[in-house]
Amino acid sequence: MYEKFAALLEENNKTAYQVSKDTGITQNVFSYWKTGRSTPKTDKLKILADYFGVPIEYFLEEEKEDT
């Protein structure tokens with residue numbers, strides 16, 4: 001999932017810091033996703049999907065492939 005988030009950051013010329021400030025999702029949460037310490041909850045994915053203008057399935061598809 002983090003790879004897709006990172007791709008959206010790059011495509012939209014944003015930093016995790018900017019997204020954190022704009023969405024209220026802490027940078028620690030992004031860091032935990034990146035390192036695998038935690039997995040994203042649906043509510044956070046919905047916020048990011050709305051923020052970047054993508055369907056929530058954009059993030060969920062990768063999760064399905066991993067199982």
Side-chain angles (χ1 to χ4, degrees):
M1 190 309 290
Y2 188 84
E3 292 79 18
K4 289 191 175 192
F5 172 65
L8 285 172
L9 289 176
E10 189 172 326
E11 288 171 21
N12 291 277
N13 233 7
K14 298 279 187 183
T15 65
Y17 175 78
Q18 289 172 309
V19 175
S20 174
K21 287 292 187 190
D22 292 344
T23 63
I25 301 171
T26 66
Q27 288 186 301
N28 281 344
V29 169
F30 298 142
S31 178
Y32 291 162
W33 294 348
K34 185 175 184 178
T35 61
R37 280 183 72 183
S38 69
T39 56
K41 303 241 185 305
T42 306
D43 62 330
K44 301 279 193 277
L45 292 179
K46 174 74 172 122
I47 292 168
L48 290 177
D50 290 346
Y51 181 80
F52 286 110
V54 298
I56 195 168
E57 290 80 12
Y58 174 82
F59 295 109
L60 297 176
E61 287 170 356
E62 181 182 71
E63 305 257 325
K64 291 176 186 171
E65 291 171 8
D66 289 343
T67 57

- Looking at OG1 of T42 and CD1 of I47, how far apart are the two atoms once the value is rounded to the nearest 0.5 Å? 11.0 Å
- Query: What pair of heavy atoms forms the shortest contact from Q18 to Y51, and how long is it?
  - Reply: O-OH, 4.4 Å
- Exam field: side chain K4 to backbone Y58, donor-acceptor pair closer than 3.5 Å: yes
- How many angstroms lie between atom CG of D22 and atom CG of L48, to the nearest 0.5 angstrom? 11.0 Å
- Nearest non-hydrogen partners of S20 and Q27, listed with the distance: OG-N, 3.5 Å
- Closest heavy-atom pair and its distance - P55, A49: C-CB, 4.0 Å
- Could you list the residues that satisfy salt bridge (charged side-chain N to carboxylate O under 4.0 Å, His left out) with K14, not counting sequence neighbours? none
- Query: Are any side-chain N or O atoms of T23 and backbone N or O atoms of V19, one a donor and one an acceptor, separated by less than 3.5 Å?
  - Reply: yes
- What closest approach, in Å, do L8 and V54 show between heavy atoms, and which atom pair accounts for it? CD2-CG1, 4.1 Å
- Of the non-hydrogen atoms in P40 and L45, which two are nearest, and what is the gap between them? CB-CD2, 3.6 Å
- Message: Count I, L, V, M, F, W, Y as connected when their side-chain heavy atoms are under 4.5 Å apart, and connections chain through other members. Are Y32 and F30 then in the same cluster?
- Response: no
